[in-house]
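A short worksheet on the structure shown next.
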Amino acid sequence: MTAPALRLENIVKTFPGVRALDGVSFEVMPGEVHALMGENGAGKSTLMKVLGGIYQPDEGRIVVEEKPVTMRTPMEAKAQGIVFIHQELSLATELTVAENIYLGELPRRRFGLVDWQTLYARTDAILKKLKVGFDARTIVGSLSIANQQMVEIARALTVDAKAVIFDEPTASLTDAEKSVLFDVIADLRGSGVGIIYISHRMEEIFKITDRISVLRDGSYRGTVNTAETDEDAITQLMIGRSLDLSRNTVHHELGDVALEVRGLSCGKLFQDVSFSVRKGEVLGFYGLVGAGRTEIAEALFGLRNPSGGEILLNGEVVRISSPHDAIAKGISLVPEDRKGQGLVLGMNCRDNMTLPQVDDLKAGPFVAEGAEVAIFDQYRDRLDIRTPGWRQTVGNLSGGNQQKIVIGKWLSMHPEVLIVDEPTRGIDVGSKSEIHKLIRELAAQGYAVIVISSEMPEVLHVSDRIVAMYSGRIMRTFTSEEVTEDNLIQAISGIRADRDAPVAEPA
Amino acid sequence: MKPGSLSTFLRTGAIWAFVLLELAFFGIVGDMVSTSNTPFLAPDNLLLTLKQAAPIGIIAMGMTLIMINGNIDLSVGATFALAAVVLLDSMSWPFMAAMGDWAIPLAWFFALAVGALLGAINGLIVWKTGVDAFIVTLGSMLGYRGLVFMYNGEQPTSNLNWTLVDFAEAQFLGLHTPTWFLLAVTLFMWFLSTKTVHGRNAYAIGNNREAAVNAGIRVGPHMLINFVIIGFLAALSAVVFYSESGSVNPNDGQLYELWVITAVVLGGTKLAGGSGNVISTLGGVIAIQVLRKGLGHMGAATETVNLVIGLILIAVLFLDRQLNVKGREALKT
């Protein structure tokens, strides 16, 4: 039997007050794609930092090809053949592909001059193996995100890699780019490298991995063969129970049309978009990355100027010139990038929640802190936000609780229309179902809710109607009764299956 | 203890501990080395130290808010000089001279208005062009200094008014007039930054500008207000200082921007924005002045003083970084 490419034996890592890793053991064989799964906070990132030489384990051993190793720095980890492809790319965008790949290890001639010929020749040899469409002299900044990721992978191939770790590699890739990436992973695996694949996306895990190991609360919960398990079993392992993603069948009583959009266009981003949302309704937007869903939300929130068409709020045509304007008119947006666009991470929970209305709460020239605390308490209880108190810095909360702060921020403004872009991105499975439930409850309370999501089960689970978008256009609007996975995928791929079918409108 | 409260304490309390350390050092070692007969800790000497800290301190209060907001203002030294020129020169204008001592409040008003106006110009350019405040105020630093030289060439502008001198040198409850101004400005800025909506929004913008915009905060007007405030305070600083000295050289106030930023940074405000407070800035201002004064007391030359302050600044920021990196790692479990 061959030796594992990488084996972890009983790794323990503690921080003051927390046992982040509690005896984690698993192994990756050469030529195996091994998925590592777990909720946020389960210990995946700590484990990766131990493997990457950033943290030292308190107990346990790391064994590479039957040889115990210690790694004190990321460079030492790389020298041992453990290579990372990070979710966030770390490339010098102004330099060429070749310079990036050999950054820090440029081949030299006498007097420390760079040996450009050798550099380009070696790089092109690696790029040829990856079958990419750019060469060693290309400036990295001019490449797409997917191709930049290929540069990272090429960098991994410059050493004699024993184990390559992919951390959420598909987060910002299109479907076509994903399949290229999966081909590269298959090639790597064919050459006998052990691969650790970290992702939240079940369908990818089941498509490309051989075995799955699960972490929960810092401890190892087991390894299963991918072929012999299913999503439900994995979810059970991850959270100790299963996640309800059944189709939504309950419709709440609908009120008047809250928001209507007629023929809205914005340059090349989206064209001739028309839809309406009623009070008490959840309208889902589904489509591929780049289909224009987020851009529509941004136009409704005053972050983009539409080039044509009109927006009607409660039957009246309005012009929305800024987020300030949108908020005043009763439109709220829970943005896609929670940390970058939704929260002021360095501020406390209360201040984040009351940020849009602190001006309305003032007593004379001063902020009314008592009123703010009251609002925070109210929405903490209503949304079940778990935090030691309002003084807690938002950056220290878990993803799910952070998202609840953003949602609470807007609910406390009593909006007419609530737009939620990727409500559960990067959120663990347990909080996910709470947020789904919350969205349904909001509709029941009479809010008009728009949910944008890239996860089909999520869209199907929360929506009353679903808008399918392809390349900046609305292909079809489904009711939750007529939608199937097949016709939805056809619609977002640009295939108008039943061209003659009437576009569904609310009854 | 709650997470982060240790580093929070260090960030707000450490500068005051440092001031006490300085006082103890100069009070003991300083007096042994010094050739002067008066002890360093003599009340008069300490009161004088506070008074001398005022010109930098008043500007530093405005700089704290500017930096919390995520901007910076390099033009405060030039604004300081131009306001001083306007203050002293305006009192010699014929119609002003005819007014006797009633010209004083008017001259103050002119100088303060000029400061606020120069600040507003900075703020408007930063707001409307979107150019980084560092670049904009680097330009206006040169531009405003050019105006100072255009006003009176290389010549100093002088106008000694004894009523003003008496006012500036007066002591109330022991503290000098400039010290009272410094304390009043500190108190005002503390209220502004911690208790008002404007202050809250300044922190939010500095911490995450995009999230602030998404919360409906209009970023531009807030930045404009802050630049007007710091321009006004730079002029106020000049008004307080030149009421006493009565003569301004066209080079006066040079490097003030760097002293001010040094004091603010020593007080724990981050260059990147989003955090900081004016009380700690006051600590930073006093720390620098005690150091200058104390080293002078020991007979050190100005060059030595600058060298020591430079080293201390780097050492403090290094310590702060060590503490923060550790704190952040512990949270990232």
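First the proteins, then the strands, lettered A, B, ... as listed; each starts at 1. Predicted, not measured: the structure shown is a model, and the values here were computed from it.
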Checklist entry - Do A:Lys362 and B:Thr196 come close enough that some side-chain heavy atom pair is under 4.5 Å? => result no

Item to check | Check: B:Asn208 side chain, A:Leu343 main-chain N or O, donor-acceptor pair, under 3.5 Å | outcome: yes

Checklist entry - Roughly how far apart are A:Met347 CE and B:Asn207 CG, rounded to 0.5 Å? => result 7.5 Å

Next on the checklist: Within the 4.5 Å heavy-atom criterion, are A:Leu303 and B:Asn214 side-chain neighbours or not?
Outcome noted: yes

Next on the checklist: Surrounding CZ of A:Arg304 (heavy atoms of other residues, nucleotides or ligands, distance under 6.0 Å), is the total greater than 12?
Outcome noted: yes

Checklist entry - For A:Ile327, is it the side chain, the backbone, both or neither that has a heavy atom under 4.5 Å from a heavy atom of chain B? => result side chain

Checklist entry - Given a strict heavy-atom distance threshold of 4.5 Å, which part of A:Gln357 is in contact with chain B: side chain, backbone, both, or neither? => result neither

Next on the checklist: Need one label for A:Glu298: side chain, backbone, both or neither, based on atoms under 4.5 Å from any heavy atom in chain B.
Outcome noted: neither

Next on the checklist: Check this for me: does any side-chain nitrogen of one of B:Glu210 and A:Lys339 sit under 4.0 Å from a carboxylate oxygen of the other?
Outcome noted: no

Checklist outcome for this item: Closest heavy-atom pair, B:Val197 versus A:Val367, reported as atoms and distance to 0.1 Å, is N-CG2, 3.4 Å

Checklist entry - So which of B:Leu192, B:Ile205, B:Asn201, B:Val213 has the largest heavy-atom pair count under 4.5 angstrom toward chain A? => result B:Val213

Checklist entry - What option among A:Pro365, A:Ala328, A:Gly340, A:Ser322 has the most heavy-atom pairs under 4.5 Å with chain B? => result A:Gly340

Checklist entry - Between B:Ala211 and A:Gly342, which heavy-atom pair has the shortest distance, and what is it? => result CB-C, 3.9 Å

Next on the checklist: So B:Arg200 and A:Asp351, do their side chains get closer than 4.5 Å, heavy atoms only?
Outcome noted: yes

